[in-house]
Amino acid sequence: MALTTALATACKLLVLPPGGMFALAALGLLVWRRRPRLGKALCGISLALLYVLSTGVGSWLVVHPLESLEPALRGGPSPAQAIVMLTAGRVRNSPEYGLQPVPDFTALKRISYAAHLYRSRQLPLLVTGGMASELADEVPLAIITRRVLENQFQIPVKWTEIASRNTSENARFSAAMLRQAGIGHVILVTDAVHMRRARLEFERAGIAVTPGPTFYQETGSFGPLRLWPSAEGLRRSHAALYEWLGLAWYAVTDN
């Protein structure tokens with residue numbers, strides 16, 4: 001597990017934007033003196049990739065296909081017996097909440113949709129997510145999320161899984177809790193770009209899934225401003241490329 005975590009961290013730093021582009025440019029500068037043509041090419045490619053992935057058009061190319069894999073949940077009956085919400089990130093020591101940790105904007109999107117589904121479906125809710133780091137005093141993500149759901153949204157959380165560190169563990173540890181309760185089919189709530197990988201993990205853990213994707217990011221119309229680079233475009237590309245790499249890893253390892 002430590003090796004897998006280290007590989008995932010290295011992937012984020014050295015492959016995904018913007019770190020991957022800077023690493024490629026650094027390589028180009030290193031070889032520039034001995035092989036100037038190659039060095040120039042590597043630097044040019046890194047700059048071009050950074051630009052494309054920072055634009056609305058570039059991010060659409062990597063985000064939209066992922067979001068299209070799992071359509072939004074529609075109304076009507078469902079065989080699901082519970083709702084499972086995957087946690088996301090946090091803001092540590094938030095001053096407006098007395099230096100408590102609070103969910104970040106991605107987590108809040110999932111929380112809001114999980115609350116919506118609970119009110120419309122009246123199914124018990126499981127929140128899954130443990131530590132984001134090895135800090136001894138860190139509060140598990142599921143505890144932070146449960147506090148917001150119960151205090152701000154008045155949504156009861158029936159199960160809280162606090163040991164998992166990644167999507168694979170989210171699925172395995174949640175599946176064990178669900179089976180003890182006699183539940184084999186859930187509505188799974190996470191980002192649209194993350195939904196396919198999360199769904200595969202839960203199905204491999206023996207839980208049937210009705211996808212409940214949220215936080216769709218690439219549904220707008222095209223216009224000239226989508227050719228202009230932005231931090232948001234780069235963030236979307238980063239998130240989507242991480243998911244594509246995860247799906248590719250599953251395909252290669254069948255794991």
Side-chain angles (χ1 to χ4, degrees), residues 65-88 103 106-130 140-150 153-217 239-240 242-244 246-251 253-255:
L66 268 177
E67 293 186 336
S68 299
L69 291 175
E70 303 289 355
L73 180 63
R74 303 300 180 189
S78 168
Q81 303 158 280
I83 300 166
V84 174
M85 197 212 92
L86 277 65
T87 58
T106 302
L108 284 172
K109 287 284 188 178
R110 301 182 190 183
I111 289 170
S112 178
Y113 189 54
H116 167 76
L117 287 178
Y118 176 85
R119 291 194 173 101
S120 61
R121 306 274 175 157
Q122 292 297 305
L123 295 173
L125 176 61
L126 183 152
V127 173
T128 171
L141 289 165
I143 297 296
I144 299 169
T145 300
R146 184 184 69 191
R147 184 176 66 220
V148 172
L149 278 164
E150 294 184 340
F153 287 82
Q154 285 75 56
I155 299 296
V157 176
K158 186 164 186 177
W159 305 280
T160 309
E161 187 285 301
I162 63 172
S164 58
R165 294 166 293 179
N166 52 49
T167 304
S168 177
E169 290 184 354
N170 287 152
R172 290 189 286 113
F173 299 165
S174 297
M177 298 174 73
L178 292 166
R179 279 193 291 268
Q180 287 184 350
I183 292 172
H185 193 133
V186 302
I187 297 175
L188 185 62
V189 175
T190 188
D191 302 355
V193 294
H194 184 222
M195 179 55 72
R196 175 54 61 95
R197 188 162 64 92
R199 176 180 183 174
L200 289 174
E201 289 285 12
F202 272 79
E203 289 176 345
R204 286 170 180 171
I207 300 296
V209 171
T210 295
T214 187
F215 200 6
Y216 284 86
Q217 302 176 58
Y242 183 76
E243 295 304 323
W244 282 120
L247 290 173
W249 176 257
Y250 288 175
T253 61
D254 192 29
N255 183 26

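Along the sequence shown, the residues carry numbers beginning at 1.
- Between the CD1 atom of Ile83 and the CD atom of Gln122 there is a distance of 8.5 Å, given to the nearest 0.5 Å.
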side-chain contact (heavy atoms from CB on, under 4.5 Å) between Ile155 and Arg119, worked out
CA-CA 8 Å; Ile155 299 296; Arg119 291 194 173 101; 3.7 Å; yes
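- Stacking of Arg204 on the aromatic ring of Tyr250 is recorded, both the 6.0 Å distance cut-off and the 45° axial limit being met.
- At least one donor-acceptor pair under 3.5 Å links the side chain of Ser120 to the backbone N or O of Leu117.
- For Asp191 (side chain) and Val193 (main-chain N/O), no donor-acceptor pair under 3.5 Å exists by modelled atom type.
- The CD atom of Glu203 sits 6.5 Å away from the CG atom of Leu200 when rounded to the nearest 0.5 Å.
- Side chains of Arg121 and Leu73 form a contact here, defined as non-hydrogen atoms less than 4.5 Å apart.
- Residues Tyr118 and Pro156 form a side-chain contact, since some pair of their non-hydrogen atoms from C-beta on lies under 4.5 Å apart.
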Run the side-chain contact (heavy atoms from CB on, under 4.5 Å) check on Ile207 and Val84 step by step: do they pass?
CA-CA 11 Å; Ile207 300 296; Val84 174; over 6 Å; no
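- Trp244 has its side chain within reach of Pro65: a pair of non-hydrogen atoms, C-beta onward, lies under 4.5 Å apart.
- Neither side chain, Thr214 nor His116, offers a donor N or O lying under 3.5 Å from an acceptor on the other.
- Of all heavy-atom pairs between Phe153 and Ala115, the closest is CD2-CB, 3.7 Å.
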Test Arg197 against Trp249 for side-chain contact (heavy atoms from CB on, under 4.5 Å), laying out the working first.
CA-CA 10 Å; Arg197 188 162 64 92; Trp249 176 257; over 6 Å; no
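- The minimum heavy-atom distance linking Ile162 with Ala142 is given by the pair CG2-CB, 4.0 Å.
- For the pair Arg196 and Leu247, the tightest heavy-atom approach, listed with the atom from each and the gap, is CG-CD2, 3.9 Å.
- Considering every non-hydrogen atom in both Pro71 and Pro213, the closest pair reads O-CG, 3.4 Å.
- The nearest pair of heavy atoms linking Leu188 to Met195 is O-CE, 3.0 Å.
- Atom CE of Met85 is separated from atom OH of Tyr113 by 13.0 Å, given to the nearest 0.5 angstrom.
- Of the inter-residue distances, the one linking Ile187 atom CD1 with Gln81 atom CD reads 11.0 Å to the nearest 0.5 angstrom.
- Taking each heavy atom of Ala171 and Ala205 in turn, the nearest pair found is O-CB, 3.8 Å.
- Interatomic distance, Thr145 OG1 to Leu108 CG, rounded to the nearest 0.5 Å: 8.5 Å.
- Rounding to the nearest 0.5 angstrom, the gap separating the NE2 atom in His194 from the CG atom in Leu66 is 10.5 Å.
- Side-chain contact between Thr167 and Thr190 is absent, with no heavy atoms from C-beta onward closer than 4.5 Å.
- Counting only distance, with no hydrogens or angles, the side chain of Glu150 and the backbone of Val157 share a donor-acceptor pair below 3.5 Å.
- Between the side chains of Glu161 and Thr128, a donor-acceptor pair is found at a separation under 3.5 Å.
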Starting from the C-alpha separation in whole Å, work towards a yes-or-no answer on side-chain contact (heavy atoms from CB on, under 4.5 Å) for Glu67 and Gln217.
CA-CA 8 Å; Glu67 293 186 336; Gln217 302 176 58; 3.6 Å; yes
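- Side-chain contact between Thr87 and Arg110 is absent, with no heavy atoms from C-beta onward closer than 4.5 Å.
- Contact of the Leu126 side chain with the Val186 side chain is not registered, since no non-hydrogen atoms from C-beta on lie closer than 4.5 Å.
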